[in-house]
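Remarks on the structure that follows.
Protein chains get the first letters and strands the later ones, always in sequence-line order, with residue 1 at the start of each. Nothing here was measured: the structure is a model prediction, and the numbers come from that model.
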Number of protein chains: 2
Amino acid sequence: MGSEAIDNCLKAIYQLAGDDERATTAGLAEQLAISPASVTGMLKKLSEADPPWIEYQKHHGARLTDRGRARALEIIRHHRLIELFLHRVLDYSWDEVHVEAEKLEHAISETFEDRIAHVLGDPEFDPHGHPIPRRDGTLPDRADSDLIDMEPGTDAEVSRVSDHDPTMLQHLSSIGVRPGVRIHLLERRPFDGPLMLRVGDEQAVHAFGARLAGSIRIRDIRSAAT
Amino acid sequence: MGSEAIDNCLKAIYQLAGDDERATTAGLAEQLAISPASVTGMLKKLSEADPPWIEYQKHHGARLTDRGRARALEIIRHHRLIELFLHRVLDYSWDEVHVEAEKLEHAISETFEDRIAHVLGDPEFDPHGHPIPRRDGTLPDRADSDLIDMEPGTDAEVSRVSDHDPTMLQHLSSIGVRPGVRIHLLERRPFDGPLMLRVGDEQAVHAFGARLAGSIRIRDIRSAAT
DNA sequence: ACCTAAATTTAGGCAAGCCTAAAAATGGGC
DNA sequence: GCCCATTTTTAGGCTTGCCTAAATTTAGGT
Ligand SMILES: [Mn+2]
Ligand SMILES: [Mn+2]
Ligand SMILES: [Mn+2]
Ligand SMILES: [Mn+2]
């Protein structure tokens, strides 16, 4: 089926544009860390495959076909199952899992996928709180929103954090921020200033700048929480 | 460092020629399932690497350098650790592990290698009885010999079986032959005929033809066995 | 509507790994 | 010691996936 380059491209389109929006050449070039010219070539190939992986119009970006989306979700399922497996079974820290999963996602068989899913009890979320696509291509849903938009004076639960920067994950870990942990937003400092918040039951107040806050999503505290 | 093609070539040289013999172009072509012409190109490249992976003289085959042997053993360590991990942790049957390991051996990091070795208790042998190279490049040693050369009327223990043919492994499994199991050789039928033997405590007598017998190695029964 | 900056595509090239067909070297039998 | 069958290498070619530089298209501001 698809090569590693193809799989990474489909995954990137899904991550940039989702189910039915179009991803731009420039966006894909940045995401994949290759030149825009190389992206154009790849998009042409993907759209001329039989059956096609994407719908592509020159100068207007690429949109996944059903087949393309299925493949993207398949790779993302691999990635997230592997991340959780590394964390739970092989004792990787959550900042180590992404890089290893990035390679392994292309190397495992469907059998391997099924076995780790079984060992993990058919999990729905990875160590960073990202939903793990099911075999049928559906996604576990968890209504969440950006930390940036949180109402000062309220509480919320960390839903997910971006997994791309290991140093950021280490920092979040060191102050106790991980999916499921409760936070309390004290205030938002003016002129797009930092968010001042407390984590869990700790007294310490942390200042989250835009970069850090932008990589976190939250959800309403589960209602019946005493 | 090495690409997947390079790693497979070094591994093949090690398997065909061992530490300090030379592997032939034709042998490697067969082992790697590529054309002899492609092997020649690869050997030239490997011998011109800096530092070189192999010593190569036209028309006289290839011999591993220290670096080449170290790399080959590294890949074989990956392969055998992965096989055991799949069997023990992910419940693969022993005829399924080889194919999956063949891909994964190239995809895992040193961290992954260390973690599965630790989870498995730093094992010395894989599910087929093959020795797992240590990180320092030494090999667990187990004095064994070919089943073909076994003395009729004696007992021995299965040491290892070839892992390349899944159907053969299934058959061996079905009659109870696996590393550690005791066998008793009744007789060798004339004119290179089959070996007639009993497995474990079973009464059944099995006839092993040359192909099957040739894929099994045995060792003397551990002396103090009641 | 036009003009320009940015985005995108085209053109040409390169390395890795494979192939087949043809040429050349080897070495075993006599 | 020579010859010929076998092995190996050389020559030339193909695909994938990337690159840079140049040409082109698009879209935004006026
Ligand atoms: Mn990840
Ligand atoms: Mn990837
Ligand atoms: Mn391999
Ligand atoms: Mn094995």
Side-chain angles (χ1 to χ4, degrees), chain A residues 1-17 21-64 67-68 71-72 75 102-103 105-107, chain B residues 1-13 16-17 21-64 67-68 71-72 75 102-103 105-107:
Chain A
M1 191 133 302
S3 67
E4 192 165 323
I6 288 177
D7 286 349
N8 280 334
C9 189
L10 296 172
K11 195 174 69 153
I13 294 171
Y14 183 87
Q15 281 163 351
L16 289 176
E21 294 301 304
R22 282 180 295 233
T24 64
T25 302
L28 289 167
E30 157 138 38
Q31 179 90 359
L32 295 168
I34 62 179
S35 72
S38 300
V39 172
T40 298
M42 181 64 74
L43 294 182
K44 193 176 304 181
K45 191 177 63 175
L46 294 181
S47 68
E48 285 164 2
D50 183 29
W53 298 106
I54 63 172
E55 223 176 90
Y56 171 56
Q57 276 179 273
K58 282 180 191 179
H59 298 281
H60 295 281
R63 168 200 273 113
L64 294 171
R67 179 158 106 120
R71 185 67 190 162
I75 303 300
E102 202 63 39
K103 269 189 297 187
E105 65 188 12
H106 309 289
Chain B
M1 192 133 300
S3 67
E4 191 164 324
I6 289 177
D7 286 349
N8 280 334
C9 189
L10 296 172
K11 194 173 69 153
I13 294 171
L16 289 175
E21 294 300 304
R22 281 180 296 233
T24 64
T25 301
L28 288 167
E30 158 137 38
Q31 179 90 358
L32 296 167
I34 61 179
S35 72
S38 300
V39 172
T40 298
M42 180 64 73
L43 294 182
K44 193 177 305 181
K45 192 177 62 174
L46 293 181
S47 68
E48 285 165 2
D50 182 31
W53 298 106
I54 63 171
E55 222 176 274
Y56 171 56
Q57 274 179 273
K58 283 180 190 179
H59 299 281
H60 295 281
R63 167 200 271 115
L64 294 171
R67 180 157 106 121
R71 184 68 191 162
I75 304 301
E102 202 63 37
K103 269 189 297 186
E105 65 188 10
H106 309 289

From [atom1] of [X] over to [atom2] of [N], roughly how many Å is that when rounded to an integer?
X	N	atom1	atom2	answer
E48(A)	dT9(C)	CD	P	12 Å
L46(A)	dC18(D)	CG	C1'	15 Å
N8(A)	dT16(D)	CG	P	17 Å
Y56(B)	dT7(D)	OH	C1'	11 Å
L43(B)	dT9(D)	CG	P	7 Å
D7(B)	dA16(C)	CG	P	15 Å
R22(B)	dT26(C)	CZ	C1'	14 Å
L10(B)	dG17(C)	CG	P	12 Å

Between dT16(D) and S3(A), is there an OP1 or OP2 to side-chain N/O distance shorter than 4.0 Å? no
Is H60(B) close enough to dT9(D) that one of its side-chain N or O atoms is under 4.0 Å from OP1 or OP2 there? no
I'd like to know whether I75(B) forms a side-chain contact (heavy atoms from CB on, under 4.5 Å) with L10(B), so could you lay out the CA-CA distance, the side-chain angles of the two residues, the decisive distance to 0.1 Å, and finally the verdict. CA-CA 9 Å; I75(B) 304 301; L10(B) 296 172; over 6 Å; no
Which heavy-atom pair separates C9(B) from M42(B) by the least distance, and what is that distance? SG-CG, 3.7 Å
Between A23(B) and A17(B), which heavy-atom pair has the shortest distance, and what is it?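 Nearest pair, atom of A23(B) first, then A17(B): N-CB, 3.6 Å.
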Find the distance between CD1 (I54(B)) and CD1 (I13(B)) and round it off to the nearest 0.5 Å. 5.0 Å
Considering only [options], which nucleotide approaches the side chain of [X] most closely?
X	options	result
T24(A)	dC18(C), dT26(C), dT8(C)	dT8(C)
K45(B)	dT8(D), dA16(C), dT9(D)	dA16(C)
M42(A)	dC18(C), dC18(D), dT8(D)	dC18(D)

Taking salt bridge (Lys or Arg N to Asp or Glu O under 4.0 Å) as the cut-off, I'd like each qualifying pair that reaches into residues 36-53 of chain B, sequence neighbours left out, listed once.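 Matches after skipping sequence neighbours: none remain.
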For DNA chain D, the residues among residues 26-34 of chain B that have a non-hydrogen atom under 4.0 Å from it: A26(B)
Heavy atoms, side chains only, cut-off 4.5 Å: are L64(B) and W53(B) in contact?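 No - every pair of side-chain heavy atoms lies 4.5 Å or more apart.
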Test salt bridge (Lys or Arg N to Asp or Glu O under 4.0 Å) applied to R71(B) - qualifying residues, sequence neighbours left out: D7(B)
Tell me which of S35(A) and H59(A) sits closer to the 5' end of DNA chain D, going by the nucleotide each one is nearest to.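 Its nearest nucleotide lies further toward 5', so the answer is S35(A).
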Presence of salt bridge, E4(B) and K103(B), under 4.0 angstrom: no
Side chains of residues 27-35 of chain B: which donor-acceptor pairs under 3.5 Å do they make with residues two or more places apart or in other chains?
residue : atom : partner : partner atom : Å
Q31(B)  : NE2  : Q15(B)  : OE1          : 3.1
S35(B)  : OG   : S38(B)  : N            : 3.2
S35(B)  : OG   : S38(B)  : OG           : 3.0

Have a look at the helix from dA1(C)-dT30(D) to dC30(C)-dG1(D) and give the angle its two end axes make, five pairs each, rounded to 10 degrees. 0°
Write down the protein N/O and nucleotide N/O pairs, taken from nucleotides 10-14 of chain C, whose separation is under 3.5 Å; answer none if there are no such pairs.
residue : atom : partner : partner atom : Å
dT10(C) : OP1  : K58(A)  : NZ           : 2.8
dT10(C) : OP2  : K44(A)  : NZ           : 2.9

Should H106(A) and N8(A) be marked as a side-chain contact (heavy atoms from CB on, under 4.5 Å) after you check the CA-CA gap, both sets of side-chain angles, and the distance that decides it? CA-CA 9 Å; H106(A) 309 289; N8(A) 280 334; 3.0 Å; yes
Residues 55-63 of chain B, side-chain donor-acceptor partners within the protein, below 3.5 Å, at least two apart:
residue : atom : partner : partner atom : Å
E55(B)  : OE2  : R63(B)  : NH1          : 3.4
R63(B)  : NE   : D20(B)  : O            : 3.2
R63(B)  : NH2  : D20(B)  : O            : 3.4

Look at all strands and tell whether T25(A) reaches a base, only sugar-phosphate, or nothing, counting heavy atoms closer than 4.0 Å. sugar-phosphate
